[in-house]
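In what follows, a structure is listed as structure tokens, so that the remarks can point back to it.
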Amino acid sequence: MILQPVTHEGYNLFHDGMQALSEMEANGIRIDTEYLGRAKEECKAKIAELKVSLLADDVYTKWRRRFGQDTNLGSREQLGEVIFDILKYSCKVHTPSGRPSMDDEVLQTIKLLFVKNYMEAERWKKALNTYLRGIEREVCNGYLHPFFNLHITMTYRSSSDSPNFQNIPIRRPEIAKLIRMAFIPRGSNRQIVEFDFKGIEVSVAACYNHDLVLIEYVSDPIKDMHGDMGRQCYIVTRKQMTKLIRYATKNGFVFPEFYGNWYKAVAKDLWTKITELKLETADGVPLKEHLRKQGIRGLGKCDPEEDVVPDTFEYHIKEVEDDFWHRRFKIYDQWKRDWNNAYLEKGYFDTLTGFRCSAMMDRKQCVNFPIQGSAFHCLLWSLIRVQKLLHKYNMKSFIIGQIHDSMIMDVLQRELKDVMDIVRQVTMIDLTKHWKWIIVPMRVECEAAPPGRSWYEKKEIEWE
DNA sequence: CAACAAAGCGCG
DNA sequence: AAAGCGCGCTTTGTTG
């Protein structure tokens with residue numbers, strides 16, 4: 001990939017950005033190495049415990065009978081043979097190379113205690129091998145110094161490695177706790193603080209496509225896109241709406257649709273989420289039961305080869321998708337066509353932040369790349385500016401990391417209010433003044449751990 | 001033995 | 001017509 005800043009704006013951003021990021025790398029993140037040792041033991045114990053259940057299982061006996069000395073619990077290929085050849089489950093999904101797909105989604109459909117324990121063990125193995133050991137390997141005098149690269153990605157985002165600081169577990173609370181407890185501030189009078197841009201990719205998308213409906217959604221705090229789509233997707237009223245339904249819709253419908261997914265996959269995922277998250281209406285009716293009462297007879301085949309059948313969830317979501325792109329966000333929809341056509345015509349496009357993308361891109365990449373990149377550039381610009389101000393005021397707080405739309409700091413307790421003022425000024429005011437193309441407000445959230453406590457313990461705090 | 005591809009999974 | 005955007009890391013299994 002060739003780095004192509006096409007304006008002074010773009011060039012300066014990455015010039016200053018590299019300096020800011022390397023200073024951040026040098027600062028490093030303090031690691032509780034004693035905790036890390038305990039966590040590893042705890043994690044190994046958990047894995048051993050799960051392994052005992054696996055070895056005692058009938059399924060393992062069959063596995064062992066087939067593979068003998070070659071039996072390897074880490075081999076999903078072997079597990080696939082056990083499940084599909086010996087136990088006669090039917091394999092519905094294959095990988096691109098034609099082998100049976102054995103990922104988490106497939107395994108969830110196999111209702112066996114053995115498989116449930118297997119998946120659980122795999123998650124703890126990932127925690128141990130990738131994270132606990134990965135961190136331990138790179139720790140130096142009690143500090144971690146992950147790299148933050150600005151010359152890697154197609155989209156002009158950053159990346160991070162050795163270890164990757166941008167994929168530390170957070171979604172499963174148990175695993176998140178195990179890993180994030182290792183990330184601590186530099187002293188008992190200091191605290192880990194994280195500032196996040198809220199929904200910045202959607203906001204930046206609105207700046208590209210100028211869709212009036214989308215602009216209103218991201219500008220008016222009263223309006224709630226995920227809530228509105230939640231009511232439509234799951235056919236619930238305002239009164240029946242819950243936070244969990246909204247959450248399922250945000251991750252199962254809105255983001256996938258923005259990234260270019262289509263209704264067959266979306267419907268399936270939204271349907272799975274009902275049982276996964278045990279969704280029910282605010283008055284306590286299980287969501288599948290509720291949908292049945294609304295005339296939905298089932299999910300539907302969701303098979304690309306087959307026509308959609310009326311009264312299925314698949315059919316319903318197809319209608320929601322049509323409405324989404326052809327009525328609600330029709331300007332966004334038109335922008336995608338125009339943007340792609342301009343790219344096909346010229347062979348490149350330029351981002352609002354001054355970078356040129358001239359690689360081979362399909363339609364989805366072409367409309368997603370500029371948004372993803374520019375959203376990160378908002379973070380990067382802010383980070384540079386915040387770091388400058390911290391120096392200017394001789395403050396003792398540092399920036400220690402960055403995750404695409406958030407920055408993580410090690411803050412001296414008595415500086416917290418000032419740090420918050422600086423970040424708020426930079427991200428919500430200076431940034432939108434600096435780039436004229438930002439035509440929507442930028443919202444940033446602040447989360448802080450108590451003094452001396454780990455990254456895991458961060459909690460939202462109000463700006464006041 | 002090293003190098004590589006495929007599959008899977010962690011995050012935004 | 002195809003059918004989710006971007007990364008990094010680990011393990012398995014193959015190849016030479």
Side-chain angles (χ1 to χ4, degrees), chain A residues 1 70 72-80 93-107 118-119 122-135 137-138 146-172 175-176 178-180 194 196-202 204-205 250-269 302-305 318 321 336 357 359 361-376 379 401-408:
Chain A
M1 216 259 302
D70 294 333
N72 179 357
L73 274 178
S75 168
R76 290 191 189 232
E77 205 178 358
Q78 290 185 10
L79 177 62
V93 192
H94 293 85
T95 67
S97 71
R99 286 160 52 184
S101 184
M102 293 298 294
D103 61 15
D104 198 83
E105 199 189 329
V106 168
L107 293 184
Y118 184 89
M119 289 188 295
E122 287 291 293
R123 284 193 277 275
W124 290 95
K125 278 161 74 178
K126 173 105 177 170
L128 177 65
N129 295 329
T130 301
Y131 296 102
L132 297 176
R133 289 191 169 133
I135 291 165
R137 185 186 314 133
E138 300 289 347
F147 294 114
F148 291 91
N149 315 297
L150 276 184
H151 62 286
I152 300 283
T153 74
M154 309 273 299
T155 59
Y156 297 99
R157 256 195 186 180
S158 64
S159 77
S160 170
D161 66 85
S162 309
N164 182 353
F165 184 71
Q166 297 177 321
N167 71 347
I168 305 296
I170 192 167
R171 293 174 193 174
R172 288 174 186 279
I175 305 275
L178 181 78
I179 311 296
R180 289 181 177 234
E194 181 163 355
D196 274 75
F197 279 91
K198 303 313 285 179
I200 192 167
E201 285 204 22
V202 178
V204 169
K250 179 175 82 173
N251 296 317
F253 182 86
V254 179
F255 287 151
E257 286 290 342
F258 280 156
Y259 286 143
N261 207 348
W262 69 321
Y263 70 94
K264 281 182 190 292
V266 167
K268 205 180 192 179
D269 192 29
C302 297
D303 183 343
E305 310 287 314
K318 178 177 164 42
E321 180 184 78
K336 290 199 288 187
C357 295
M361 289 169 270
D362 65 28
R363 199 169 182 283
K364 279 173 296 205
Q365 291 174 314
C366 175
V367 297
N368 284 326
F369 281 12
I371 296 167
Q372 188 181 105
S374 303
F376 166 66
L379 182 275
Q402 162 270 126
I403 314 179
H404 309 305
D405 62 358
S406 74
M407 63 181 116
I408 293 87

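Letters A, B, ... mirror the listed sequences (proteins, then strands); counts begin at 1.
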Rounded to the nearest 0.5 Å, how far does [atom2] of [Y] lie from [atom1] of [X]?
{"X": "A:I170", "Y": "A:R180", "atom1": "CD1", "atom2": "CZ", "value": "3.5 Å"}
{"X": "A:F253", "Y": "A:N261", "atom1": "CZ", "atom2": "CG", "value": "10.0 Å"}
{"X": "A:I403", "Y": "A:Q166", "atom1": "CD1", "atom2": "CD", "value": "7.0 Å"}
{"X": "A:F148", "Y": "A:N164", "atom1": "CZ", "atom2": "CG", "value": "8.5 Å"}

Rounded to whole Å, please give me the gap between [atom1] in [X] and [atom2] in [N].
{"X": "A:R123", "N": "B:dG8", "atom1": "CZ", "atom2": "C1'", "value": "13 Å"}
{"X": "A:Q365", "N": "C:dC7", "atom1": "CD", "atom2": "C1'", "value": "13 Å"}
{"X": "A:Q166", "N": "B:dC11", "atom1": "CD", "atom2": "P", "value": "13 Å"}
{"X": "A:E305", "N": "C:dA3", "atom1": "CD", "atom2": "C1'", "value": "12 Å"}
{"X": "A:Q402", "N": "B:dC11", "atom1": "CD", "atom2": "C1'", "value": "12 Å"}
{"X": "A:L79", "N": "B:dG8", "atom1": "CG", "atom2": "P", "value": "11 Å"}
{"X": "A:N368", "N": "B:dG12", "atom1": "CG", "atom2": "P", "value": "18 Å"}
{"X": "A:E201", "N": "C:dG4", "atom1": "CD", "atom2": "P", "value": "17 Å"}

Which residues share a side chain to side chain contact (heavy atoms under 4.5 Å, CB included) with A:E122, sequence neighbours left out: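 Counting only residues at least two positions away or on another chain, A:E122 forms a side chain to side chain contact (heavy atoms under 4.5 Å, CB included) with A:R76, A:Y118, A:K125.
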
Listed nucleotide nearest any side-chain atom of A:D104, set C:dC5, B:dC9, B:dG10: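 The closest nucleotide is B:dC9.
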
N/O donor-acceptor pair, side chain A:Q372 with base C:dC5, under 3.5 angstrom: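 Counting by modelled atom types and ignoring angles, a donor-acceptor contact under 3.5 Å is found here.
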
Residues in contact with DNA chain C, drawn from residues 253-267 of chain A - heavy-atom cutoff 4.0 Å: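 The stretch gives A:F255, A:P256, A:Y259, A:G260, A:N261, A:W262 as the residues lying under 4.0 Å from the strand, ordered by number.
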
Intra- and inter-strand pairs of DNA chain C in dot-bracket (Watson-Crick or G-U wobble, both distances under 3.5 Å; | for another strand): ....||||||||||||

Separation of the P atoms in B:dA7 and C:dA3, to the nearest angstrom: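 Nearest-Å result for B:dA7 against C:dA3 at atom P: 15 Å.
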
Same-atom distance (P) from C:dA2 to B:dG10, integer angstrom: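 One P to the other, the span is 31 Å.
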
Sugar-phosphate only, base, or nothing, as touched by A:I170 at under 4.0 Å among non-hydrogen atoms: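 The residue A:I170 makes sugar-phosphate contact but no base contact.
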
Sugar-phosphate, base or nothing in reach of A:S101, heavy atoms under 4.0 Å: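 Sugar-phosphate contact only.
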
Residue pair A:F376, A:I200: steps toward the side-chain contact (heavy atoms from CB on, under 4.5 Å) verdict: CA-CA 9 Å; A:F376 166 66; A:I200 192 167; over 6 Å; no

N or O in side chain of A:R171 less than 4.0 angstrom from B:dC11 OP1/OP2: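 Checking B:dC11 against A:R171, a side-chain N or O does come within under 4.0 Å of OP1 or OP2.
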
Under 4.0 angstrom between A:T155 side-chain N/O and C:dG6 OP1 or OP2: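 So the side chain of A:T155 is outside the cut-off, no N or O lying under 4.0 Å from OP1 or OP2 of C:dG6.
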
Any donor-acceptor N/O pair, [X] side chain to [Y] backbone, under 3.5 Å:
{"X": "A:Q365", "Y": "A:D362", "answer": "yes"}
{"X": "A:R363", "Y": "A:G260", "answer": "no"}
{"X": "A:N368", "Y": "A:K364", "answer": "yes"}

Carboxylate-amine/guanidinium proximity below 4.0 Å for A:E257 and A:K336: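 Not counted as a salt bridge, because no side-chain N and carboxylate O are separated by less than 4.0 Å.
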
Sequence-aligned protein contact record of nucleotides 8-16 of chain C, with B where the base is within under 4.0 Å of a protein heavy atom and S where only the sugar-phosphate is: BSSSSS---

By salt bridge (Lys or Arg N to Asp or Glu O under 4.0 Å) - contacts of A:R123 (at least two apart):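 For A:R123 the salt bridge (Lys or Arg N to Asp or Glu O under 4.0 Å) partners, ignoring immediate neighbours, are A:D104, A:E120.
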
Test side chain to side chain donor-acceptor pair (under 3.5 Å) applied to A:S101 - qualifying residues, sequence neighbours left out: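 Not a single residue meets the side chain to side chain donor-acceptor pair (under 3.5 Å) criterion with A:S101.
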
